[in-house]
Participant: 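Before we start, here is the structure in question, set down as structure tokens.
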There are 2 protein chains.
Amino acid sequence: MAEQDDGLDERKQQILKAVIDTYLATGEPVGSRTISKYTDLKLSSATIRNEMADLEDMGYVIAPHTSAGRIPTDKGYRFYVDRMMQIMKENSDQIEKKQKDLDKREKELDDMRKFISSKVDKVDDLLENVARLLAKDTNYASMISTPSVKGNKLKFIQLTKLGSGKILLVIVMDGNLIRSKVVEVSEDITQEQILKLNLLLNTTLNGLTLEQMNLALLSGLESKAGQEHGQIIREVMQALIESIQNADHLQIYTSGATNIFKYPELSDSTTASELISTLEEKKGLTSLIKSEKDSSAEDGITVYIGDETPVESMKDCSVVTATYELHDGMKGTIGIIGPRRMDYQKVVETLKTIRTQLDDIFKKS
Amino acid sequence: MAEQDDGLDERKQQILKAVIDTYLATGEPVGSRTISKYTDLKLSSATIRNEMADLEDMGYVIAPHTSAGRIPTDKGYRFYVDRMMQIMKENSDQIEKKQKDLDKREKELDDMRKFISSKVDKVDDLLENVARLLAKDTNYASMISTPSVKGNKLKFIQLTKLGSGKILLVIVMDGNLIRSKVVEVSEDITQEQILKLNLLLNTTLNGLTLEQMNLALLSGLESKAGQEHGQIIREVMQALIESIQNADHLQIYTSGATNIFKYPELSDSTTASELISTLEEKKGLTSLIKSEKDSSAEDGITVYIGDETPVESMKDCSVVTATYELHDGMKGTIGIIGPRRMDYQKVVETLKTIRTQLDDIFKKS
DNA sequence: GTTAGCACTCGATACGTACGAGTGCTAATT
DNA sequence: AATTAGCACTCGTACGTATCGAGTGCTAAC
């Protein structure tokens, strides 16, 4: 019965786990008698009561009122999750999935493959669908961000004269991401000017990432081109710069916001309203998106419990996020938003699976 | 005191209007005494009571329980709205807006102009913003659909060789709508083949609407091109056909879903959940989008009250829709979803204003 | 160290009462 | 004949009280 690092002996840990497990399942405060029967450790309710009193003193559980069972505190959840993650990591090699789950996942994978092959060019639709899938599968709310394309290499730029004063600007990046725009210029541009400009742009910029095309380089290019071709060129370049800067437009898709009504503790009118609002507006979600190097969680999965979340309106929720990678450094974020008493195990597993699938998909294309 | 067409004499109409007006304002059943004081018609509560009893018999109002005031029925609302719309139409010429409103609207208009001029190419963003504006302004939920582009004329098609086996396809339509896609072909295509194909496509298709580019024409073109250029061409054409058919992808933006929590009668957990779900999923909203010629409402404004709505989950709501026009025949739909007791007058006016602004904006571009 | 037993707490539920807004009806008034 | 005053009645809401039971903390026994 050695004391653990957290000051919880083995038995306390088991009891805490039992409390959390049953609370996750039922959503109601769990009493000593329940634990006494539920667990395989042969202990009477009285003993459990004593241990639970200790756990309460240590801040892992709390009793909503005197004569109720205990529910986990954030600290309790945190301990539970950390332990779970550690165990998952240790077992990650010898994970042998249950066949049932495998079949289900395989079906989902198929669905996605089918979908993606039908509309390869529509990354947006894909992500939206993934969000939907996630929400449906987990019964929580989901979000997914478009991967950053800042690190994406430019493949091809093309200017085409459209009509008088109008130029079509098309940018193609690695992974076949396309951005296009019609640029209005004040004076007419000749066919030769366009051809020259095309050549200049492609030779100078080809293979560079959007990041590398910093303002200095571009405006240097602008003045260089300007010397040769005058005012109109400057306008085109200006539009190009804008386009490139806008190309990285971060977008977030959400789904299953109404799933939160499945959890009474979140169904309260104002809580729900705020929550759904943030999911609808999307702006508030950016703080959930992983920064470049999130060294703390090397596997890219982060769990925020209750107050830990950076999003104000999610104080009563837990949030699990994972990152997926397009290729080197181009990360997107997937997130699940649910009640504190979410099925962390399942969510983490699901996120891992989906992440892998996304990685595969993007690697292929 | 002549009997009106609806069997409601002038006084009953006034009382009905008074009931609805105050109910719209307060959201609570209104009693006879309130009316007696509120209106300018000098009548005692007893008289009002008698009249209200009549109105109840005729089905215009209903008492939620014996000792409560009356609330309007759908029939009552319908009468009210019809009358309002008629009056608005009659007065449409001599509408002199209150300066306050004008200022406010003008500010909104400015906001939109500013926004639109900054990102002319992003129709999507514009519409999303309009939805947001509407929701914020009215305190109801809003939706807006992208205008159909089936009637849009093709301005320009361009194929460009990207790399081995990859061709960039760009379609530019009237109003500078751009669709682009990367097409993968099994064999390489030569530069000359591409040039020829470009010429063929532009000469044949230029100026046609997407509608006119029916399958027959395109597949005719396909076989014609195919004779000259072989298998690869067929693949390109196939992609083109797909692109054109997908170009008209109807999209719906919604905003302010959480506004419904401002109305207790909709805040019930399941009602709200269903409602927000439909707004989130968007699919169910297509039935609100106006068909080609909705002759019944010549001004393009339609009011659905309660059960009248075609959307199942909105049985407890009222929905007001308006159409805006890009140009001939290219219509989009704007909609407001709120409680039965919505401020119909304000909503209709707001929709009319926004519609006009949208029309202006699209005519200009 | 564990457990049985017991008094105690407190939320949930049910029920009774008081209150008041609003009605319908009748009789008086204009 | 239409309007109004008056009054008994209805019913939802608020509130206080009683009961119940799940679960606790504590003490004493094992």
Side-chain angles (χ1 to χ4, degrees), chain A residues 1-3 8-16 18-20 22-23 25-73 76 264-265 268, chain B residues 1-3 8-16 18-20 22-23 25-73 76 264-265 268:
Chain A
M1 271 304 154
E3 285 279 311
L8 290 184
D9 60 33
E10 183 58 29
R11 199 171 69 179
K12 281 199 174 57
Q13 287 193 28
Q14 286 182 319
I15 291 177
L16 178 56
V19 169
I20 297 184
T22 55
Y23 182 67
T26 66
E28 281 178 2
V30 352
S32 52
R33 232 179 97 76
T34 318
I35 302 288
S36 156
K37 282 188 294 185
Y38 175 84
T39 51
D40 37 1
L41 21 87
K42 299 285 179 221
L43 290 173
S44 76
S45 60
T47 314
I48 307 283
R49 266 204 294 286
N50 290 330
E51 293 288 45
M52 293 215 299
D54 291 351
L55 284 173
E56 180 159 11
D57 285 344
M58 297 186 229
Y60 289 98
V61 295
I62 197 171
H65 57 266
T66 323
S67 71
R70 306 304 211 289
I71 62 175
T73 60
E265 64 267 45
D268 157 62
Chain B
M1 267 299 157
E3 285 278 311
L8 290 184
D9 61 31
E10 184 58 28
R11 198 171 67 179
K12 280 198 175 57
Q13 288 193 27
Q14 286 182 318
I15 292 176
L16 178 56
V19 169
I20 297 184
T22 56
Y23 183 67
T26 67
E28 283 178 2
V30 354
S32 52
R33 231 178 99 74
T34 318
I35 302 288
S36 155
K37 282 187 293 185
Y38 174 83
T39 50
D40 39 0
L41 18 89
K42 300 285 178 218
L43 290 174
S44 77
S45 60
T47 314
I48 307 284
R49 267 204 294 287
N50 290 329
E51 293 288 45
M52 294 215 298
D54 290 352
L55 284 173
E56 180 160 11
D57 285 344
M58 294 187 232
Y60 289 99
V61 295
I62 198 170
H65 56 266
T66 324
S67 72
R70 305 303 210 292
I71 62 175
T73 61
E265 64 267 44
D268 158 62

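Quick caveat: nothing in here was measured; it's all calculated off a predicted structure. We name chains A, B, ... by the order of the sequence lines, and we start the count at 1 in each one.
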Participant: Which listed nucleotide (dT9(C), dT3(C), dG12(D)) is nearest to the side chain of His65(B)?
Facilitator: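 Selected nucleotide (nearest to the side chain): dG12(D).
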Participant: Please tell me if Ser44(A) has a side-chain N or O lying less than 4.0 Å from either OP1 or OP2 of dT2(C).
Facilitator: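 No, no such contact exists.
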Participant: Name the residue closer to the 5' end of DNA chain C, choosing between Thr66(B) and Glu51(A) according to the nucleotide with the nearest heavy atom.
Facilitator: Glu51(A)
Participant: How long is the line joining CZ of Arg70(A) and C1' of dG11(C), in whole Å?
Facilitator: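 Rounding to the nearest Å, CZ of Arg70(A) and C1' of dG11(C) are 16 Å apart.
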Participant: Nearest of dG25(D), dT2(C), dC10(C) to any side-chain atom of Arg11(A)?
Facilitator: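 Selected nucleotide: dT2(C).
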Participant: Looking at Arg49(A), I'd like to know whether one of its side-chain N or O atoms comes within less than 4.0 Å of OP1 or OP2 on dT27(D).
Facilitator: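 Result: no.
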Participant: Scan Ser67(A) against the nucleic acid and name what it touches under 4.0 Å (heavy atoms): base, sugar-phosphate only, or nothing.
Facilitator: base
Participant: Determine the contact category for Ala46(B): base if any of its heavy atoms lies under 4.0 Å from a base atom, sugar-phosphate if only primed atoms, P, OP1 or OP2 are that close, otherwise nothing.
Facilitator: base
Participant: Nearest to the side chain of Asn50(B), which nucleotide is it out of dG24(C), dT4(D), dT24(D)?
Facilitator: dT4(D)
Participant: Provide, to the nearest angstrom, the distance between the CD1 atom belonging to Ile62(B) and the P atom belonging to dG22(C).
Facilitator: 18 Å
Participant: Rounded to the nearest 0.5 Å, what's the gap from OG on Ser44(B) to CZ on Arg33(B)? Could you check?
Facilitator: 11.0 Å
Participant: Is there a donor-acceptor contact under 3.5 Å from the side chain of Ser45(A) to the main chain of Ser36(A)?
Facilitator: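 Pair absent, no side-chain N/O of Ser45(A) close to backbone of Ser36(A).
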Participant: Can you tell me how far CD of Gln14(A) sits from OG1 of Thr39(A), rounded to the nearest 0.5 angstrom?
Facilitator: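 Interatomic distance, Thr39(A) OG1 to Gln14(A) CD, rounded to 0.5 Å: 8.0 Å.
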Participant: Just jot down the salt bridge (charged side-chain N to carboxylate O under 4.0 Å, His left out) partners of Asp268(B), sequence neighbours excluded, or say none.
Facilitator: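 Scan of Asp268(B) (salt bridge (charged side-chain N to carboxylate O under 4.0 Å, His left out), adjacent residues dropped) gives none.
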Participant: Could you tell me whether Glu28(B) atom CD has more than 12 heavy atoms of other residues or ligands within 6.0 Å of it?
Facilitator: no
Participant: Name all residues meeting the salt bridge (charged side-chain N to carboxylate O under 4.0 Å, His left out) criterion together with Glu56(B); count only those two or more places apart in sequence or in a different chain, and write none if there are none.
Facilitator: Arg70(B)
Participant: Rounded to whole Å, please give me the gap between CG in Asp54(A) and P in dT24(D).
Facilitator: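 Rounding to the nearest Å, CG of Asp54(A) and P of dT24(D) are 14 Å apart.
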Participant: Please report the distance, rounded to the nearest Å, between CG in Leu43(B) and C1' in dA5(D).
Facilitator: 15 Å
Participant: Does Thr47(A) place a side-chain N or O at less than 4.0 Å from the phosphate oxygens OP1/OP2 of dT2(C)?
Facilitator: no
Participant: Roughly how many Å is it from CE in Met52(B) to P in dG22(C), rounded to a whole number?
Facilitator: 9 Å
Participant: Nearest whole angstrom, please: distance from the C1' of dC25(C) to the CD of Glu56(B).
Facilitator: 15 Å
Participant: Are any side-chain N or O atoms of Ser32(B) and backbone N or O atoms of Ala46(B), one a donor and one an acceptor, separated by less than 3.5 Å?
Facilitator: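 Here the side-chain-to-backbone pair does not exist.
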Participant: Contact list please: residues 27-38 of chain B against DNA chain C, heavy atoms, distance less than 4.0 Å, in numerical order.
Facilitator: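 Within residues 27-38 of chain B, the residues near DNA chain C are Gly31(B), Ser32(B).
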Participant: Whole angstrom is fine here: how far is it from CD1 in Ile48(B) over to P in dG24(C)?
Facilitator: 13 Å
